[in-house]
Undergrad: 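Have a look at the structure that comes next, please.
Lettering follows sequence order; numbering is per chain, from 1.
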Amino acid sequence: GAVVSQHPSRVICKSGTSVKIECRSLDFQATTMFWYRQFPKQSLMLMATSNEGSKATYEQGVEKDKFLINHASLTLSTLTVTSAHPEDSSFYICSASPDQRRGLGQFFGPGTRLTVL
Amino acid sequence: KQEVTQIPAALSVPEGENLVLNCSFTDSAIYNLQWFRQDPGKGLTSLLLIQSSQREQTSGRLNASLDKSSGRSTLYIAASQPGDSATYLCAVISSGSARQLTFGSGTQLTVLP
């Protein structure tokens with residue numbers, strides 16, 4: 001149980017285009033989903049936290065107009081990188097929590113490798 | 001602000017050895033602590049989760065301990081195997097937010113056959 005999927009697993013795009021990444025909790029309802037970014041040989045950095053049906057909370061330094069997050073249902077969150085540039089190339093990982101208040105932890109997706117040319 | 005540190009950054013051991021990975025955190029007011037494994041280019045696999053009221057958790061050859069007062073956790077791997085080679089990440093959820101994971105920088109483990 002507690003499987004989280006991401007789609008696509010890998011995407012290459014031209015500079016200036018927008019890219020949408022989906023995160024789904026397959027066998028549980030996620031009250032909260034998180035989006036992380038990981039640069040090579042570095043740890044995960046939290047970008048934003050989203051609760052179903054409400055606006056995402058962004059970490060300091062993360063541009064909310066550039067990284068659009070939608071958490072429309074209890075099983076799906078999307079991250080759209082708008083007008084992507086080469087510096088946005090990174091490994092994006094989502095996680096989902098069935099109920100953070102119960103301390104069940106977070107379950108992570110397999111990640112999406114974004115390369116902006 | 002919570003800070004999580006992992007030592008060593010990299011570790012190479014021969015197959016069969018027992019080993020310990022260390023994690024320390026600056027704010028002892030944590031909700032829980034999780035150990036993850038990450039293979040190259042992959043997502044994270046949760047290994048063990050320790051609630052703040054617990055002292056340790058065990059799963060197979062893995063044992064994680066937690067000492068909240070000193071801000072430390074260890075991950076003990078018994079009888080290491082080449083398949084254990086990966087990066088091991090420690091992460092804590094602080095009591096204040098009870099939602100955000102703060103990650104350490106990880107320990108890259110290589111088990112030599």
Undergrad: Going by salt bridge (charged side-chain N to carboxylate O under 4.0 Å, His left out), name the residues that satisfy it together with B:D39, two or more places apart in sequence or in a different chain.
TA: B:R37
Undergrad: Would you say the side-chain atoms of A:S43 pair up with the backbone N or O of B:G104, donor to acceptor, closer than 3.5 Å?
TA: yes
Undergrad: Taking side chain as everything from C-beta outward and backbone as N, CA, C, O, which of these in A:L44 sits under 4.5 Å from a heavy atom of chain B? Side chain, backbone, both or neither.
TA: both
Undergrad: Rounded to the nearest 0.5 Å, what separates atom NZ in B:K42 from atom CZ in A:F91?
TA: 8.0 Å
Undergrad: Should B:L19 and B:F36 be regarded as members of a common hydrophobic cluster, given that ILVMFWY residues are connected when their side-chain heavy atoms come within less than 4.5 Å of each other, either directly or indirectly?
TA: no
Undergrad: Can you confirm whether B:L101 sits close enough to A:F108 that some side-chain heavy atom of one is under 4.5 Å from a side-chain heavy atom of the other?
TA: yes
Undergrad: Side chain, backbone, both or neither: which part of A:Q6 has a non-hydrogen atom closer than 4.5 Å to chain B?
TA: neither
Undergrad: Mind jotting down which residue pairs meet the salt bridge (Lys or Arg N to Asp or Glu O under 4.0 Å) criterion with at least one end in residues 76-92 of chain A? Sequence neighbours excluded, please.
TA: A:K66-A:D88
Undergrad: A:F34, A:M45: one ILVMFWY side-chain cluster at the under-4.5 Å cut-off?
TA: no
Undergrad: Answer yes if B:V4 and B:L11 sit in the same cluster of Ile, Leu, Val, Met, Phe, Trp and Tyr residues linked by side chain heavy atoms under 4.5 Å apart, and no otherwise.
TA: yes
Undergrad: Less than 4.5 Å to any heavy atom of chain A: does that hold for the side chain of B:L44, its backbone, both, or neither?
TA: both
Undergrad: Please state whether the side chain, the backbone, both or neither of B:Q38 comes within less than 4.5 Å of a heavy atom of chain A.
TA: side chain
